Protein chains: 4
Amino acid sequence: MAMVCLSDFEAYAKKYLPKIAWDYFAAGADDCTTRDENILAYKRIRFRPRMLRDVSVMDIRTKILGSEISFPVGIAPTGFHQLAWPDGEKSTARAARAMNTCYIASTYSTCTLEEISAAAPGGLRWFQLYIHRNRAASQQLVQRAEALGFQGLVLTADLPYTGKRRDDVRNGFRLPPHMKVKNLEGAFEVCKMSPLDPSVTWNDIYWLRSLTRLPIIIKGILTREDAELAVRHGVQGIIVSNHGGRQLDEGPATIDALVEVVEAVRGRVEVYVDGGIRKGSDVLKALALGAKCVFIGRPALWGLAYKGEEGLQDVLRILQDEFRLSMALAGCASVSEIGQHLVQLSKL
Amino acid sequence: MAMVCLSDFEAYAKKYLPKIAWDYFAAGADDCTTRDENILAYKRIRFRPRMLRDVSVMDIRTKILGSEISFPVGIAPTGFHQLAWPDGEKSTARAARAMNTCYIASTYSTCTLEEISAAAPGGLRWFQLYIHRNRAASQQLVQRAEALGFQGLVLTADLPYTGKRRDDVRNGFRLPPHMKVKNLEGAFEVCKMSPLDPSVTWNDIYWLRSLTRLPIIIKGILTREDAELAVRHGVQGIIVSNHGGRQLDEGPATIDALVEVVEAVRGRVEVYVDGGIRKGSDVLKALALGAKCVFIGRPALWGLAYKGEEGLQDVLRILQDEFRLSMALAGCASVSEIGQHLVQLSKL
Amino acid sequence: MAMVCLSDFEAYAKKYLPKIAWDYFAAGADDCTTRDENILAYKRIRFRPRMLRDVSVMDIRTKILGSEISFPVGIAPTGFHQLAWPDGEKSTARAARAMNTCYIASTYSTCTLEEISAAAPGGLRWFQLYIHRNRAASQQLVQRAEALGFQGLVLTADLPYTGKRRDDVRNGFRLPPHMKVKNLEGAFEVCKMSPLDPSVTWNDIYWLRSLTRLPIIIKGILTREDAELAVRHGVQGIIVSNHGGRQLDEGPATIDALVEVVEAVRGRVEVYVDGGIRKGSDVLKALALGAKCVFIGRPALWGLAYKGEEGLQDVLRILQDEFRLSMALAGCASVSEIGQHLVQLSKL
Amino acid sequence: MAMVCLSDFEAYAKKYLPKIAWDYFAAGADDCTTRDENILAYKRIRFRPRMLRDVSVMDIRTKILGSEISFPVGIAPTGFHQLAWPDGEKSTARAARAMNTCYIASTYSTCTLEEISAAAPGGLRWFQLYIHRNRAASQQLVQRAEALGFQGLVLTADLPYTGKRRDDVRNGFRLPPHMKVKNLEGAFEVCKMSPLDPSVTWNDIYWLRSLTRLPIIIKGILTREDAELAVRHGVQGIIVSNHGGRQLDEGPATIDALVEVVEAVRGRVEVYVDGGIRKGSDVLKALALGAKCVFIGRPALWGLAYKGEEGLQDVLRILQDEFRLSMALAGCASVSEIGQHLVQLSKL
């Protein structure tokens, strides 16, 4: 079977992963409306491609928070990579470094931050954080990440409680006994998610700021009001995200929310987006609407499930080739030429 | 089979109820367009969830006409509960009391008002009334209900004649011989519905008012014009309802009609809505659009069909948990924080 | 099998008619988009039903061009009724008279006008005319119709050539040898439709006017411009029609076109509509949007196919009952209370 | 099997062509959204047909760049006709001449320009050009075409690189060994498309102009901005095209883009459109929206696959008959009467 596009990896993962793992990765909240809308919303956007521009030399590099990446696609934080591939997050880190892009490691990794760092020294990595009731534990995680050379701190804002994912309830999902949420080992009992602190507010950004010199990126923003609050509270970046449709169902598709967030932010901080990216042209749309970079979640897991590090590189390489080709066919030779004039938002 | 969401109860009921009973409960008028639209219209509404608000202590209680209920979901009036469970409305009354919410008992109950009261003393109950040609019979019903401690009188306004439900016609639907519309026993021959008086007008509200000190809630309002008339005629509450899509097909979905009714009422009386509620997030949407409380019809019957009183409690508990979680994920810690800013009405 | 709604008759006809006859009646032009849109467009219109109006005494009668009919549904002109039932148009005439409504007999009947008249003396009938190249033949038809007591002359305007109905081409449709287009016998060879004159223009209305004192109704108007021309050329009525979607595919649904025609006509002549009527509530929608009466085509043929005269009466009776019930549930006790306030045109 | 409409030819070709050839012709880029949208967009446009206009004498001829054609449908440039029929482009040329219309021969023909010319002397033909890295080769092609009597030069602007057509990648598509891209023989290795020059810009139009006196038509324009640039750079015609949805997926449907291009051009040059034409009424829509002529791609290949020259004539004849009938049913007796008043763009 030739792996031609990301759907091929999805089909492979669905076929070969244990059902309970596939279901966990695929799960959306409630009716999965938002999960699916993330994808459908991209399809409603039409390009306005321009012709006869010199696209013989293509430059698809960009920078996020000052670091150059080979193209504007990074790895979103997702948990439990050992469910997809035995080496887990170590493979993810290696693939990201090989492709010269950014990997956001999740608190809920099945490898420690130290293992991740050791697996791919010098790779560009950010660390994703939930604030726990046990603040000391969170503080320790932040400081371990900084010490290990992680270059950004991603605070997830949309999970005061875990969304209702019906299949996980039906399956009684929990990690197999030989896997651990190693970063938290000893600190809490994990599967119930109860350690997460639902009392977190914007003021906790000041507390985080006091712990670290790393830039803080807030993940999970969907409205102009919260975008404004994020900027005012001094974050360096915003990831427009609905947690892959796994938290509040029937919220907006991220590409739709991106438009209002970008408008509210007015360039004061970088804005990124995740959710629903399945083709290189989706990346082009997100950038046209103001994202500095996109992050992929499930497709990265499909790549891991296919062939570990190598499979994830395949996924990234396909996206890279497709993105470059879309840019060229739309008449853009470099990322700086991408702008809102390239797209037409459907009346639908 | 795990009962995870309301659809599970629906599937159970469809599988285990006698076809004629399932068809009767499921029936919509004509092409069932409005019945189905009630559900689809909720799906067209998108949340605008807010992040990083302290949702560690959740308060989902509300009050309807001064009475506190544990969360803003009550039981809508539906007939013939013995078709779903042998104990019929007695089970319904017990489950509603156990969950500390309001049960609107139907005129077309298969238990008497007295049996219902005795089954769950102290429960919050309203009585649903059709005005019959035989006004004395209606008067007697109202006064029995008041004497029994029912705390509200719900006048159904949308049934001058019964809607055309094709499956009921095909099935020749009628109650099995061992069931009776006990409240009316002796007064009329029931199945033809002929006793209902199609000459009822707004002036009859004054007549009702003269019979009882109970608050009057009018059920079946779908337009701003009728909402204004209801307020002017002195009702205490309005239930936006299309009778579950069982009367005039191709009228508006109730959640769509709610918007215009709430706007017309301008807070002068409480507004409720029924029809199409299938998830806790639907409740949140209805409240965001101005409903004080919602009522569930078919899902209550599915709960009864599953396990009687216990099954209905399961249904209510799931809705309660889902509603609480939706509120938290949207950034609201109490019902008073819910407002129109939480939703975006689709251009669809 | 209980015959509960018009779809039941459709299913019956599809099952029991010879395929070539079913295909001929069902055919739409090209992709059948307009044929199907006629139905779908009704579904996009929502009622705004009013409550608590005295609907105990219902009056559903109306008048068309001064003649009272029992309810605002007549029989549209369709050809070749013997394909549906041996007695052909004689049965149609009897059923229409029995139900006290108007039957528009087609030029392409398989019974003569004389046979039709004799079958149901005293029935309200109009005669549908195509203008032929042989004007003398058309003149003779008009004068026969007038002499036989037909009370209106319906000029079909949308068939300068026959639309392309793929199934008829595939089937090589033609009348079986024992059936004849009796009205034209001897005058032309019929099946090729070549006798129809594609040079007809608005001035030919003056010629028709010179031949008869009957009111002239023009059928096939879909735009405001043509509606204005029709009024200026002195017709007494307009039937908004797209020939059941059998002529130009991808023209407007008739209920959509009705709105602009009614607006243009400003009450100067009566406006009717055909196409897509499948339920009593469709009739109510058409009247709410300004039609004085609707005409049914295919449903009448299904009724004939079911049981001839009796089957067509069943169809009409069902529509009548549904129309009466819809009116009552929308809060109208008589046809004069129906108005545009009853409907909301979807943004779709 | 009767060949009644273009879909019949499509079904035939799908059934009888080798899968690899069918896939190549059918392919769209990525998800094939734009390929399919080309067709769907036509279906969203509604006619506003006018009645009672004399359509007894129909004139469907038109002129493109001064040359009369029998009706406004030409043959779009597509490659590799020998994949569809052994005689390849020679058959295409003969059919176009027999039907008195214009054939745009592709650079990627499997016959030489000389063979094409010899096959159908005197036929109206344009030559489609890609600009290659080897400019001398392009220059030679242009001058051969001019010398052979081709009457227009069509510059394809939307293929700096080849779009990603997944099926071709999966199939490892390449020409069978016995077929050659004869026009380029010796000049380059063809299948990789690498010879195409992605550095081409608007200034290269001036270079082309310097090579030939033929009118230059630019193909692949989708925006008002590029339409304005095309006019300013002195082209004689614009073909609104998205390469049959084979280049950038999720660009606009061509009939949608036509509207904005026609508006921008303001009659200064002729505008044509290809993509999605499947019925004569699609041609009428395109002309109503301002196209001077349409070109068909895949349907021509289906005709070839059916019966070579004869099959393509069948396809053209069906389109011609359907176009004439649509015009008549819309009330137009000649192409000059077609205008925007005939259509209503859907709000969808």
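Reminder, nothing fancy here: chain letters follow the sequence lines and each chain counts from 1. What you see is a predicted model; the values in this text were computed from it and never measured.
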Segment of [X] engaging chain D (4.5 angstrom heavy-atom cut-off):
X: A:D8; value: side chain
X: A:K285; value: side chain
X: A:R50; value: both

Distance-only side-chain donor-acceptor flag, A:Y12 / A:E10, under 3.5 Å
no

Does the side chain of D:Q128 come under 3.5 Å of the side chain of D:T156 through a donor N or O and an acceptor N or O?
yes

Can you list the residues of residues 239-251 of chain D that sit under 4.5 Å from chain A, counting heavy atoms only?
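Result: D:Q247, D:L248, D:D249, D:E250, D:G251.
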
Does anything in residues 28-40 of chain D reach chain A? List residues with heavy atoms under 4.5 Å apart, or say none.
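At a heavy-atom separation under 4.5 Å, chain A is reached by D:D30, D:D31, D:T33, D:E37.
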
Please work out whether the ring planes of D:F295 and D:Y272 are parallel, tilted or perpendicular, with thresholds of 30° and 60°.
perpendicular

Using the six-membered ring wherever Trp is involved, compare the ring planes of D:Y108 and D:F80 and label them parallel, tilted or perpendicular (cut-offs 30° and 60°).
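Because their plane-to-plane angle is over 60°, the rings of D:Y108 and D:F80 count as perpendicular.
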
Interface moiety of D:I205 toward chain A, non-hydrogen atoms closer than 4.5 Å:
side chain

Could you pull out every donor-acceptor pair under 3.5 Å between side chains of residues 253-260 of chain A and any protein atom, sequence neighbours left out?
residue : atom : partner : partner atom : Å
A:T254  : OG1  : A:D274  : O            : 2.8
A:T254  : OG1  : A:G275  : O            : 3.3
A:E260  : OE1  : B:R48   : NH2          : 3.4
A:E260  : OE2  : A:R224  : N            : 2.7
A:E260  : OE2  : B:R48   : NH2          : 2.3

Begin from the C-alpha positions of A:R61 and A:E68 and carry the test salt bridge (charged side-chain N to carboxylate O under 4.0 Å, His left out) through to its verdict.
CA-CA 7 Å; A:R61 292 168 304 166; A:E68 184 177 300; 3.7 Å; yes

As an exercise: rank D:V169, D:I218, D:D226, D:I221 by heavy-atom pairs under 4.5 Å with chain A and give me the winner.
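It is D:D226.
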
Looking at D:S138 and D:H132, would you say the former's side chain and the latter's main chain have a donor-acceptor pair under 3.5 Å?
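Yes, the answer is positive, given that a donor and an acceptor are paired below the 3.5 Å cut-off.
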
Does A:S70 use its side chain to pair, donor to acceptor, with the backbone of A:M99 at less than 3.5 Å?
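Yes; at least one donor-acceptor contact below 3.5 Å.
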
Please list, chain by chain and in numerical order, all residues satisfying ring-ring contact (aromatic ring centres under 6.0 Å, His included) with A:F9, sequence neighbours excluded.
A:Y306

Please determine whether a side-chain nitrogen of the Lys or Arg among A:K279 and A:D282 lies less than 4.0 Å from a carboxylate oxygen of the Asp or Glu.
no

D:R135/D:D204 under salt bridge (charged side-chain N to carboxylate O under 4.0 Å, His left out): CA gap, chis, key distance, verdict:
CA-CA 11 Å; D:R135 297 283 165 119; D:D204 291 294; 2.6 Å; yes

Could you give the distance from CH2 (A:W85) to CG (A:L301), rounded to the nearest 0.5 Å?
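Rounded to the nearest 0.5 Å, the CH2-CG separation comes to 13.5 Å.
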
